[in-house]
Amino acid sequence: MKVWEGNKKRALRDLFEIDGEPNDSPRAITLRISGDLRKVRMIGANMTDGKIIVKGNVGMRIGEKMSGGEILVEGNVDSWAGCMMTGGRLEVKGSAGDYLGASYRGSRKGMSGGEIVVHGNVGNEAGCFMRGGVIKIFGNSGGFLGVHMSGGEIVVKGNCNEYPGAGMLDGKIVICGLVSSIVPTFTIEDIKETVKVNGEKIMGPFYRFIGDIADHGHGRLYISKNRNLHLKSYERYL
Amino acid sequence: MNLLIKNGLVYDPINGVEGEEMDIAVKNGKIVEKVNERRAKVIDASGMIVMPGGIDIHTHIAGSEVNAGRLLRPEDHFIDFEAKTEVTRSGVGRSVPSTFITGYRYARMGYTMICNPSMPPLEARHTHEELDDTPIVDKATYPLLGDWWFVLEYLEKGLIRECAAHVAWMISATKGYAIKLVNPGGVEAWGFGRNVEDLDDPVPNFGVTPREIIRGLCKVNKMLNMPHTIHVHTNRLGQPGNFTTTLETMETVSDMADERPVIHITHCQFSAFKGDDWSTLRSGAEEISKYVNSHSHVTLDMGQVVFTDTTTMTADGPWQYTLYEISGNKWINHDVETETGSGILPFRYRRKSYVHAVMWSIALELALLIKDPWRIYLTTDHPNGAPFTTYPRIISWLMSQKARERMLEKINRKARKRSLLQDIDREYTFDEIAIITRAGQAKALGLRSKGHLGIGADADIAIYNIDSRTVDPSRDYRKVRRAFKNAAYTIKSGRIVARNGVIVESIFGRTLWVDAVSSLDDETATKVSKDIEKRFREYWTIELENYIIPERYLRFPICIQPRRRSEK
Ligand SMILES: [Zn+2]
């Protein structure tokens with residue numbers, strides 16, 4: 001099997017020690033990868049089935065365009081993890097860089113299916129141009145979460161930087177922690193006690209915003225009421 | 001290095017050679033009578049066709065709008081990239097490739113000269129830098145002059161000789177090759193949020209009409225005896241019902257016709273729409289081709305649409321705005337000071353879209369209904385209709401009714417029912433393909449040493465691995481497609497640069513420019529240059545001295561000096 005090292009093609013076995021038996025059915029395969037993988041890109045890109053378990057921190061574009069199977073990372077992942085994915089599951093025990101589950105730069109085709117779970121924090125623009133699927137973040141999120149998203153669900157258990165959902169057309173973003181600011185082109189609709197994400201009930205109460213009106217969007221933004229006292233002034237519009 | 005290409009089936013329409021088995025000898029980059037076989041590299045071309053190197057008369061491959069297109073489309077680079085090899089550099093881009101990839105890909109298809117058709121004069125330096133960076137092929141570029149304030153003012157005042165002197169100065173200063181008009185008057189009007197409605201709608205703030213601009217520059221073009229005609233992107237391009245404007249545009253210069261054509265209508269497909277709106281859109285190919293068939297003063301290029309994802313880019317700002325309104329895609333609009341404008345926007349042509357399918361059909365109808373292949377040339381208006389890498393597919397559609405029918409079956413039903421292609425059984429021959437992809441262009445561009453394989457011509461040669469004696473292109477259109485995709489050999493300036501789709505040597509081609517000289521008396525000439533100096537200080541953001549591109553700035557310039565015409 002050939003891989004790129006810089007701009008040269010190398011045999012995989014020159015770079016990694018490999019053991020185990022090949023198997024014809026991808027479903028039955030579990031790949032375990034370990035080592036210094038911080039500069040190794042595109043692990044599990046385009047994967048359709050089976051399982052990959054990675055020990056350590058990995059480079060960019062892990063699980064890019066994956067459509068099935070499962071990737072488990074026991075460490076951090078760099079930017080573009082799960083970008084353009086259409087199915088399958090990516091779980092990261094550590095934190096993720098920017099553009100988690102996003103589209104490639106310039107394209108409007110973000111993640112459209114599957115599930116991403118990050119136990120740590122994520123960088124900016126997670127779920128950019130997302131169309132479907134679920135992103136679950138247990139830590140904090142950077143800015144512009146779900147920018148331009150048109151479908152799918154994102155939930156952040158921690159805090160979130162500015163402007164979640166900017167330019168969103170549809171879909172759902174739930175933030176349980178503190179949000180520094182809301183895009184002014186969102187309107188408050190009501191206050192909800194609970195919200196469901198991927199079948200799971202999350203306790204509120206939440207302010208429910210609709211937007212982004214500047215893009216004729218009708219996305220739903222759920223922001224924890226109790227953690228965001230600075231948004232209380234919105235209540236007068238209810 | 002001397003070359004001897006043996007036993008090829010030679011198609012050289014300019015010299016009347018149609019598929020004859022003969023040898024071609026090359027010495028010092030030129031085609032010669034004969035070479036010493038023992039001292040030459042011999043290429044066995046038996047069972048292959050030999051043509052002059054391909055020439056593209058209209059392809060957006062360099063300059064500010066192309067580069068802005070690159071910046072706009074990282075996702076286009078992402079899906080298409082080439083790694084560095086021993087001889088080539090790396091690069092990216094499917095619809096807006098980087099400079100190196102552009103050169104390599106043209107060379108792989110057997111093309112050896114390409115013309116960049118819309119250069120804002122202010123961006124000429126940048127354009128030439130990119131052209132210099134585009135390997136292998138020869139290049140030329142046309143400055144945009146149809147919305148240029150000076151031209152509009154001179155024409156308004158009826159100062160045709162001064163206008164000619166100014167245009168001559170502009171062509172030389174920007175190292176351009178031909179006069180380009182894009183939606184004349186309309187791009188200027190767009191600077192004020194308007195467009196022009198027809199040929200007689202006056203340009204806001206200027207007392208001239210598009211008709212006067214077209215006629216004026218056509219006259220100037222003749223006065224300067226430019227090698228090419230005026231190169232016109234018509235008014236109302238892309239609007240349903242615009243075919244009448246196109247007919248009028250051709251007709252308005254018919255009185256200036258002489259033995260040579262006087263106007264080139266570029267990417268004519270976009271200007272051949274009938275109907276009142278998008279839902280009633282019809283092909284105007286019949287009317288356009290009827291006119292062209294009965295008038296000799298016009299040449300055209302196709303502007304073929306291929307169903308694919310691409311990037312549109314033109315100086316026609318208002319048209320790009322319309323495309324934005326239709327597609328909702330990301331877009332760029334730009335006003336280039338006093339000179340011109342531009343717009344860029346990604347676009348996907350879909351088979352199932354009625355409008356797109358009609359557009360696909362129109363370009364082929366035009367190419368098939370216009371009887372004289374010397375007057376219509378193969379283009380996609382790269383990348384507006386499709387990337388240039390789709391040329392082999394278009395060649396197969398032209399050569400095979402079956403290939404066309406295959407596509408017809410897949411397109412929008414209403415468009416299929418209305419397509420004129422159902423009733424056209426014409427199929428291009430290899431000789432005609434050689435005309436619409438090289439010989440015709442060479443003639444239209446006034447290139448004496450290109451587009452043919454006669455003694456003394458530049459040794460720019462393409463050899464395709466297809467035997468025209470045994471292959472029936474009508475049936476085996478896939479073979480045709482394959483052969484034209486990767487030339488067996490591409491020879492540029494007598495050197496083998498590509499072999500079966502692999503670049504084996506990367507050299508740099510030349511940039512052709514016209515040193516246009518007007519025949520003004522000294523007094524008027526001084527007045528014109530005083531005028532330029534004064535206006536530069538008033539209007540431009542850069543100094544006159546920095547505006548003029550010295551010849552030494554180009555990597556390999558070739559200066560063409562038109563013979564002066566006697567003027568009455
Ligand atoms: Zn064009």
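Reminder, nothing fancy here: chain letters follow the sequence lines and each chain counts from 1. Basis for what follows: all heavy atoms, side chains included, without hydrogens, waters or symmetry-related copies. Quick caveat: nothing in here was measured; it's all calculated off a predicted structure.
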Can you give the donor-acceptor pairs under 3.5 Å from side chains of residues 496-508 of chain B to other protein atoms, not counting sequence neighbours?
unit_1	atom_1	unit_2	atom_2	d
B/R499	NE	B/Y489	OH	3.4
B/R499	NH1	B/A488	O	3.3
B/R499	NH2	B/Y489	OH	3.3
B/E505	OE1	B/R495	NE	3.0
B/E505	OE2	B/R495	NE	3.0
B/E505	OE2	B/R495	NH2	3.4

Salt bridge (Lys or Arg N to Asp or Glu O under 4.0 Å) filter on B/R555, not counting sequence neighbours, yields B/D133
Can you pull out all donor-acceptor pairs below 3.5 Å that join chain B and chain A?
unit_1	atom_1	unit_2	atom_2	d
B/E75	N	A/R105	O	3.3
B/G328	O	A/R108	NH2	2.7
B/N329	OD1	A/R108	NH2	3.2
B/K330	NZ	A/G106	O	2.3

| More than 12 heavy atoms from other groups under 6.0 Å of OH on B/Y354 | yes
Hits for ring pair (Phe, Tyr, Trp, His ring centres under 6.0 Å) against B/H267, two or more places apart or cross-chain, chain-then-number order -> B/H58, B/H233, B/F270
